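As structure tokens, the structure follows; a few thoughts come after it.
A quick note: this is a predicted structure, and the numbers were derived from the prediction, not measured.
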Amino acid sequence: GQNVGDVDFWTRVCYSGVVFIPLVFRNMIAAILGSRKPKLNIILAVLGLIWLLLIWNRADWLITNELKMDMPDGHPSMQKDWGFQVMLVSALFPVVVCWARFVYIYFKAKDMIPDAGPILAGFSVWVLSSLFEGLVAAGFLPGMKPMVWLGPIFMLVMMGVYFAQVLRRQ
């Protein structure tokens, strides 16, 4: 059987990274576009830290003390409550806004970032797979299985293609 303490610990570890995804995405796209907005970074970092503290301070309205064995991916997890959906929205909304801004700039001023096509493809797959996984994790898509590694692996491959293009131009 699964030890509830171990499942609780690893559930919290997994979601600890989710809260900083907006900051990472924003900085990656800002580096490609040459954009600097330190206040936005501070806001996203503080928001991530608040969620991180709530995750590890055992806020029952976020992650409960109940074990959930029927997860779509087959692994046990802790039961999530209403705060979990709020956390997911606060993490995914800035990412979607950042992605939409990048898509807009890419198609409006493609000549500014000519080699960014692979980043756009990788970012798009990552955002869409993250939205899908968030909906599955929040219970909005019962019976669906998440593809947790699809987005990050595709993004890493596309970053490799992007950097190869940049190096080839130099």
Apart from Leu156 itself, residues in the same hydrophobic cluster as defined by side-chain heavy atoms under 4.5 Å: none
Residue pair Pro22 / Ala91: nearest heavy atoms and the distance that separates them: CG-O, 3.0 Å
Val97 reachable from Tyr104 in the ILVMFWY side-chain graph, under 4.5 Å edges: no
Set of residues satisfying salt bridge (Lys or Arg N to Asp or Glu O under 4.0 Å) with respect to Arg101, sequence neighbours excluded: none
Contacts of Phe25 that satisfy ring pair (Phe, Tyr, Trp, His ring centres under 6.0 Å) - sequence neighbours left out: Phe123, Trp126
Ring pair (Phe, Tyr, Trp, His ring centres under 6.0 Å) partners of Phe20, counting only residues at least two apart: none
Residues which pass side-chain hydrogen bond (donor to acceptor under 3.5 Å, both in side chains) with Ser124, listed by chain and number, not counting sequence neighbours: Trp99
Derivation and outcome, side-chain contact (heavy atoms from CB on, under 4.5 Å), residues Lys80 and Leu62: CA-CA 6 Å; Lys80 283 78 171 182; Leu62 185 62; over 6 Å; no
Cluster check Val24, Ile119: I/L/V/M/F/W/Y, side chain < 4.5 angstrom: no
Taking every non-hydrogen atom, the tightest pair across Asn65 and Arg12: OD1-NH2, 4.4 Å
All side-chain contact (heavy atoms from CB on, under 4.5 Å) counterparts of Thr64, not counting sequence neighbours: Glu66, Gln79, Asp81
Identify each donor-acceptor pair in which a side-chain atom of residues 135-143 lies under 3.5 Å from a protein atom, sequence neighbours left out, and give them as a table.
none

ILVMFWY cluster, Met28 and Ile43 together (side-chain gap under 4.5 Å): no
Stepwise side-chain contact (heavy atoms from CB on, under 4.5 Å) test for Ser130 and Leu92: CA-CA 8 Å; Ser130 295; Leu92 291 175; 4.0 Å; yes
Over all atoms of both residues, closest heavy-atom pair of Ser129 and Leu150: CB-CD2, 4.5 Å
Distance (rounded to the nearest 0.5 Å) between Ile63 CD1 and Ser77 OG: 7.5 Å
Val157-Leu167 co-clustered via ILVMFWY side chain contacts under 4.5 Å: no
Hydrophobic cluster (4.5 angstrom, side-chain heavy atoms) - remaining members for Leu23: Leu40, Leu44
For Phe154, side-chain contact (heavy atoms from CB on, under 4.5 Å) partners two or more places apart: Ala121, Val125, Met158
Residues clustered with Val89, ILVMFWY side-chain links under 4.5 angstrom: none
Distance-minimising heavy-atom pair for Tyr106 and Gly117: OH-CA, 3.5 Å
Please list, one pair per line, the donor and acceptor atoms closer than 3.5 Å that link side chains of residues 47-58 to other protein atoms, with sequence neighbours excluded.
| unit_1 | atom_1 | unit_2 | atom_2 | d |
| --- | --- | --- | --- | --- |
| Trp51 | NE1 | Ser90 | OG | 2.8 |
| Trp56 | NE1 | Ser16 | OG | 2.6 |
| Asn57 | ND2 | Leu53 | O | 3.0 |
| Arg58 | NH1 | Asp8 | OD2 | 2.7 |
| Arg58 | NH2 | Asp8 | OD2 | 3.3 |

Side-chain touch Gln165/Arg169, heavy atoms, less than 4.5 angstrom: no
Distance (rounded to the nearest 0.5 Å) between Lys39 NZ and Ile42 CD1: 8.5 Å
same_hphob_cluster(Phe93, Met87) at 4.5 Å side-chain heavy-atom cutoff: no
Counterpart residues, side-chain hydrogen bond (donor to acceptor under 3.5 Å, both in side chains), relative to Asn41 (two or more places apart): Arg26, Asn27
Option passing ring-ring contact (aromatic ring centres under 6.0 Å, His included) with Tyr15 (candidates Phe9, Phe84, Trp10): Phe84
